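For reference, the structure discussed in these notes is given below.
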Amino acid sequence: MARILITSALPYINGIKHLGNLVGSQLPSDTYARYMRARGHEVMYICATDEHGTPAEIAAAKAGKPVAEYCAEMHEVQAELARGFRLSFDFFGRSSSARNRQLTQHLAKRLGENGLIEVVTEKQVYSKADGRFLPDRYIEGTCPNCGYDSARGDQCENCTKQLDPTDLINPRSAISGSTDLEVRETKHLFLRQSKLRDRLDAWIDSKKDWPILTTSIAKKWLHDGDGLQDRGITRDLDWGIPVQFPGAPWEGMEGKVFYVWFDAPIEYIGATAEWADANGLDDSAWERWWRTDKGADDVRYVQFMGKDNVPFHTLSFPATLMGSEEPWKLVDYIKSFNYLNYDGGQFSTSKGRGVFMDQALEILPSDYWRWWLLSHVPENSDSEFTWENFQASINKDLADVLGNFVSRVTKFCRSKFGEVVPEGGAYGAAEQAVIDEISTRLAAYQAHMEAIEIRKATAELRAIWAVGNEYLQEAAPWAVFKTDPERAGAIIRFALNLIRLYAVLSEPFIPDASRAMLDAMKTDVRDWPGDVSAALAELKPGHPFSVPEVLFAKITDAAREEMEERFKGR
RNA sequence: GGGCCUGUAGCUCAAUUGGUCAGAGCAGAGCGCUCAUAACGCUUUGGUUGGGGGUUCGAGUCCCUCCGGGCCUACCA
């Protein structure tokens with residue numbers, strides 16, 4: 001038994017996430033966590049809301065609420081959606097927690113003591129009307145290069161030219177539209193990542209098995225131009241983790257907070273500590289996952305994230321932990337994902353384009369979404385959601401191949417033998433062939449899950465389901481029953497056992513349907529099959545079962561067209 | 001501008017890292033079955049692997065070039 005620490009990238013607090021966000025980290029990490037638990041490993045699966053930063057303050061202001069209250073509410077909303085999608089976090093924390101504040105301040109202090117923090121005076125644009133410093137992106141104006149009138153302070157979206165906020169003609173606040181802006185001096189802490197470059201470089205080099213998407217981004221940042229740049233880790237905001245605290249080694253940091261990207265990954269640790277608190281456990285309970293001097297040296301730590309998160313997880317966060325010179329557990333494997341597009345374009349919150357998590361659950365049960373998203377997860381390149389593809393996958397894979405198999409077996413048995421596993425007859429060559437094929441495919445399925453090749457795993461799982469239909473066609477119990485009812489009974493006994501096995505193997509992907517299948521088989525035996533032959537003898541003759549409701553209803557053309565229309569955006 | 005990824009049957013994807021006639025699923029066609037959600041099974045039609053050039057005994061895979069798609073580029077998170 002291994003110990004596996006799994007973290008999903010933290011969803012940002014300012015609103016409900018769309019399916020692209022879901023598939024980029026939370027969903028695949030959940031499947032991986034469920035699989036590893038099913039295999040008997042000890043798993044700690046952590047996620048949290050990322051609550052600090054300018055967008056949170058703006059969203060709260062827009063909602064007319066204090067930011068703390070807004071975040072508390074949105075955290076609950078996101079937690080509820082996570083439950084709706086059956087995300088099996090051991091803990092869903094908050095980056096604004098006391099634990100994270102403590103840890104973030106502690107790590108910053110350590111970095112300071114180790115000479116890795118520098119105070120830098122910068123000039124930044126301040127908006128009097130908004131009463132805040134504006135990040136470059138929050139300043140808009142006319143592009144000096146192409147004349148586009150909504151260029152952002154960091155880059156013009158129209159001509160793609162890199163800009164400095166002071167380059168803009170007629171600059172204005174993107175928040176209020178105010179033109180009452182001025183450049184002010186402000187002091188910030190910088191993390192001297194450049195001093196850690198060689199250590200980070202060697203560390204990345206040692207990760208031979210990481211996806212190219214992960215390492216190439218890290219390498220680019222390490223070696224591009226002058227190499228890894230120092231990075232500001234504080235901001236002039238109200239909402240966040242205070243930089244000035246008892247024992248802080250810096251003066252003049254009153255009213256400043258740590259940059260959201262500094263404290264967000266630390267919340268992986270913070271949330272594990274929150275988990276311990278919530279369960280009445282002491283510090284050793286979470287430290288054995290995170291401190292290599294306190295038991296974490298045998299932990300395998302796997303992170304899941306979208307590609308936009310890679311630099312922070314390959315460089316900034318490791319720099320924070322390494323620079324502390326304390327024995328923190330570093331990530332062992334980073335699984336990064338590309339983006340999911342929506343029907344020929346991007347998901348867009350502002351344009352109401354695409355399906356968001358709350359809407360998805362209103363329309364269809366979570367298993368439908370889980371199955372489609374996981375079987376199309378953008379592992380190798382960006383992938384695309386289309387309603388036609390979604391409808392075809394659900395109807396064929398879930399309704400026809402799996403759902404209908406359960407239906408035909410249970411209904412046939414009920415009509416010929418009643419709602420109990422039939423007695424009599426014996427297994428023969430046909431059953432052995434099925435055992436052999438499933439054993440082979442199971443080994444492939446497991447190998448794909450170990451390698452976190454989610455798409456390949458779904459293809460193999462589907463093939464395992466299809467074996468059931470092939471077997472039934474070949475064995476033809478409806479014909480055999482007329483001449484040899486005992487043999488027909490054996491066939492159905494075997495098929496009912498297949499249903500139970502499918503429930504066990506499918507659980508990481510479609511947990512609700514898995515539960516429904518186990519309930520129908522009136523069993524709670526869901527041990528991972530070490531031996532397929534034994535697993536298919538679990539339900540004994542005379543064991544009762546029930547015919548379940550339709551496991552997966554088909555999506556009609558009319559329903560598909562309606563949804564297509566509803567989510568196409570403005 | 002720079003960097004990275006990507007282009008394989010109508011669609012969604014594979015191809016043991018340079019090695020048999022490039023494979024699956026869906027869609028299409030034909031046959032079979034009738035237990036089942038008009039479901040299932042079997043057979044089958046589709047590809048000069050974006051174009052061109054090169055290296056090699058051998059290229060989807062490596063190199064060059066052109067064309068198309070995408071991402072990142074450090075103050076959004």
Side-chain angles (χ1 to χ4, degrees), chain A residues 9-14 50 52-56 58 122 124-125 133-139 152-155 160-162 164-165 174 188 193 211-213 215-217 219-221 223-225 228-232 235-236 259-261 264 306-312 315-316 338-339 341 346 375-376 378-384 386 388-389 391-393 395-416 455-456 458-459 462-463 466 468-481 488 491-492 495 547 549-554:
Chain A
L10 309 187
Y12 197 68
I13 195 72
N14 72 340
D50 176 14
H52 297 137
T54 310
I58 293 171
E122 293 188 310
Q124 271 202 330
V125 174
F133 282 95
L134 297 175
D136 291 357
R137 287 205 175 199
Y138 284 91
I139 304 160
R152 291 190 320 222
D154 56 342
Q155 185 176 39
T160 73
K161 188 178 170 59
Q162 302 268 4
D164 195 80
H188 282 296
Q193 300 184 126
I212 181 89
L213 182 66
T215 50
S216 65
I217 292 173
K219 283 291 183 186
K220 168 70 160 53
W221 282 50
H223 297 296
D224 190 43
L228 189 61
Q229 302 295 298
D230 294 342
R231 200 172 175 115
R235 293 290 182 273
D236 289 290
Y259 176 36
V260 53
W261 259 117
K307 57 184 166 185
D308 52 332
N309 276 253
V310 168
F312 303 99
L315 303 169
S316 315
N338 286 286
Y339 291 145
N341 289 318
Q346 295 191 332
S375 58
H376 293 79
E379 279 174 318
N380 298 313
S381 61
D382 290 356
S383 63
E384 178 157 315
T386 65
E388 213 166 318
N389 189 307
Q391 178 193 27
S393 294
N395 288 356
K396 196 66 197 176
D397 298 349
L398 295 185
D400 293 348
V401 175
L402 178 60
N404 182 56
F405 176 75
V406 172
S407 188
R408 66 195 294 205
V409 170
T410 53
K411 286 182 180 170
F412 180 80
C413 187
R414 180 173 60 185
S415 75
K416 304 299 184 195
R455 272 190 192 230
K456 289 180 181 174
T458 60
R462 183 194 189 283
N469 285 313
E470 289 160 22
Y471 164 72
L472 274 192
Q473 188 64 30
E474 181 67 28
W478 50 87
V480 171
F481 183 79
I491 294 167
I492 289 304
V547 176
E549 295 293 305
V550 166
L551 275 184
F552 300 101
K554 290 199 184 197

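Everything numeric here is computed off the predicted structure, so don't read it as measured data. Chain identifiers are assigned alphabetically (A, B, ...) following the order of the sequence lines, protein sequences preceding nucleic acid strands; residue numbering begins at 1 within each chain. All values below come from the heavy atoms of this structure, side chains included, with hydrogens, waters and symmetry mates left out.
- Nucleic acid contact for A:E388: none, since no nucleic acid atom lies under 4.0 Å from a heavy atom of the residue.
- Pair check for B:G23 finds B:C13; Watson-Crick or G-U wobble, both atom distances under 3.5 Å.
- To the nearest angstrom, P of B:C76 lies 5 Å from CZ of A:R137.
- Base orientation for B:G46: syn, the chi torsion being within 90° of 0.
- Within the nucleic acid shown, A:Q229 comes within 4.0 Å of at least one base atom, counting heavy atoms only.
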Polar atom pairs between nucleotides 24-27 of chain B and protein, under 3.5 Å, N or O only, would you list them?
{"from": "B:G25", "atom 1": "O3'", "to": "A:R462", "atom 2": "NH2", "distance (Å)": "3.4"}

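- Within the nucleic acid shown, A:S415 has no heavy atom closer than 4.0 Å to any nucleic acid atom.
- Comparing the P positions of B:G47 and B:C40 gives an interatomic distance of 27 Å, to the nearest angstrom.
- Here A:G403 lies in heavy-atom contact (under 4.0 Å) with a base.
- The gap from the P atom of B:U61 to that of B:U48 amounts to 16 Å, rounded to the nearest Å.
- In this structure, the nucleotide among B:A36, B:C13, B:A15 sitting nearest to the side chain of A:S407 is B:A36.
- In this structure, the CG atom of A:D230 is 11 Å from the P atom of B:C75, given to the nearest Å.
- You'll find a donor-acceptor pair under 3.5 Å spanning the side chain of A:W261 and the base of B:A77, going by distance alone.
- Taking atom NZ of A:K554 as the reference point, atom P of B:A36 lies 15 Å away to the nearest angstrom.
- Atom NE2 in A:H52 sits roughly 18 Å away from atom P in B:C76 (whole-Å rounding).
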Could you walk me through whether A:L551 and A:L398 satisfy the side chain to side chain contact (heavy atoms under 4.5 Å, CB included) test, starting with their C-alpha distance in whole Å, then the side-chain angles of each, then the deciding distance to 0.1 Å, before giving a yes or no?
CA-CA 8 Å; A:L551 275 184; A:L398 295 185; over 6 Å; no
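- With distances taken from any side-chain atom of A:W221 to the nucleotides B:C72, B:C42, B:U34, the minimum falls on B:C72.
- Taking atom C1' on both nucleotides, B:A22 is separated from B:U65 by 25 Å, rounded to a whole Å.
- Within the 4.0 angstrom heavy-atom criterion, only backbone atoms of the sugar-phosphate kind lie near A:P55; the bases stay farther away.
- Proximity of a side-chain donor or acceptor of A:S375 to a complementary backbone N or O of A:R455 within less than 3.5 Å is not detected.
- Across all non-hydrogen atoms, the minimal contact from A:Y12 to A:V260 is CE1-CG2, 4.4 Å.
- Contact annotation: A:Y471 does not reach the phosphate of B:C40 (side-chain N/O to OP1 or OP2, under 4.0 Å).
- Stacking between A:F412 and B:C35 is absent: the aromatic ring centre is not both under 5.5 angstrom from the base six-membered ring centre and within 30 degrees in plane angle.
- Not a single donor-acceptor pair, N or O on each side, falls under 3.5 Å between the base of B:C42 and the side chain of A:Q473.
- In this structure B:U6 sits in the anti conformation; its chi angle is more than 90° from 0.
- Proximity of a side-chain donor or acceptor of A:S393 to a complementary backbone N or O of A:N389 within less than 3.5 Å is detected.
- Nearest-nucleotide mapping onto RNA chain B: of A:A479 and A:K220, the residue sitting toward the 5' end is A:K220.
- Taking atom C1' in both B:G60 and B:U6, the straight-line distance is 13 Å, to the nearest Å.
- Distance CZ (A:F405) to C1' (B:G41): 13 Å, rounded to an integer number of Å.
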Please walk me through it: do A:I13 and A:D50 pass side chain to side chain contact (heavy atoms under 4.5 Å, CB included)?
CA-CA 6 Å; A:I13 195 72; A:D50 176 14; over 6 Å; no
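- To the nearest whole angstrom, the two P atoms, one in B:G51 and one in B:C11, are 15 Å apart.
- Rounded to an integer number of Å, the gap from A:N338 CG to B:C72 P is 10 Å.
- Nucleotide B:A39 holds its P atom 17 Å from the CG atom of A:L551, rounded to whole Å.
- Below the 3.5 angstrom threshold, one finds a donor paired with an acceptor across the side chain of A:Q124 and the base of B:C75.
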side-chain hydrogen bond (donor to acceptor under 3.5 Å, both in side chains) assessment of A:K554 paired with A:N395
CA-CA 5 Å; A:K554 290 199 184 197; A:N395 288 356; over 6 Å; no
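- Atom name P, nucleotides B:G3 and B:U55: the rounded distance is 27 Å, in whole Å.
- For the pair A:R408 and B:C40, the criterion of a side-chain N or O lying under 4.0 Å from OP1 or OP2 is not met.
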What verdict does the side chain to side chain contact (heavy atoms under 4.5 Å, CB included) test give for A:R462 and A:V401, after you've listed the backbone C-alpha separation in whole Å, the side-chain angles of each residue and the deciding distance to 0.1 Å?
CA-CA 8 Å; A:R462 183 194 189 283; A:V401 175; 3.7 Å; yes
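- Taking atom C1' in both B:U20 and B:C66, one finds a spacing of 33 Å when rounded to whole Å.
- Taking a pair to require two hydrogen-bonding distances under 3.5 Å in either a Watson-Crick or a G-U wobble arrangement, B:C40 pairs with B:G32.
- Counting to the nearest Å, the P atom of B:C35 and the CG atom of A:N404 are 13 Å from each other.
- The shortest non-hydrogen separation linking A:I58 to A:Y138 is CD1-CE2, 3.4 Å.
- Within the shown strands, nothing qualifies as a pairing partner of B:U49 under the Watson-Crick or G-U definition with both distances less than 3.5 Å.
- Within 4.0 Å (heavy atoms only), A:S316 reaches no atom of the nucleic acid at all.
- A:L402 approaches A:F552 most closely through the heavy-atom pair CD2-CE1, 4.1 Å.
- Contact annotation for A:V550: base contact, defined as any heavy-atom pair under 4.0 Å involving a base atom.
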What does the list of N/O pairs under 3.5 Å between the protein and nucleotides 67-71 of chain B look like, with a distance for each?
{"from": "B:G70", "atom 1": "O2'", "to": "A:D382", "atom 2": "OD2", "distance (Å)": "2.3"}
{"from": "B:C71", "atom 1": "OP1", "to": "A:Q346", "atom 2": "NE2", "distance (Å)": "2.4"}
{"from": "B:C71", "atom 1": "O4'", "to": "A:K307", "atom 2": "NZ", "distance (Å)": "3.4"}

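- Straight-line distance between the C1' atoms of B:A9 and B:G23: roughly 11 Å, to the nearest whole Å.
- Under 4.0 angstrom from either OP1 or OP2 of B:U37 there lies at least one side-chain N or O belonging to A:K411.
- The nucleotide B:C4 finds its pairing partner in B:G70, both defining distances of the Watson-Crick or G-U wobble pair being shorter than 3.5 Å.
- Where A:C413 and A:N389 meet RNA chain B, the nucleotide closest to each residue was compared, and A:N389 sits on the side nearer the 5' end.
- Listed candidates were B:A14, B:A77, B:U37. Nearest to the side chain of A:K456 is B:A14.
- Look at A:R231 and you'll find a side-chain N or O under 4.0 angstrom from OP1 or OP2 of B:C75.
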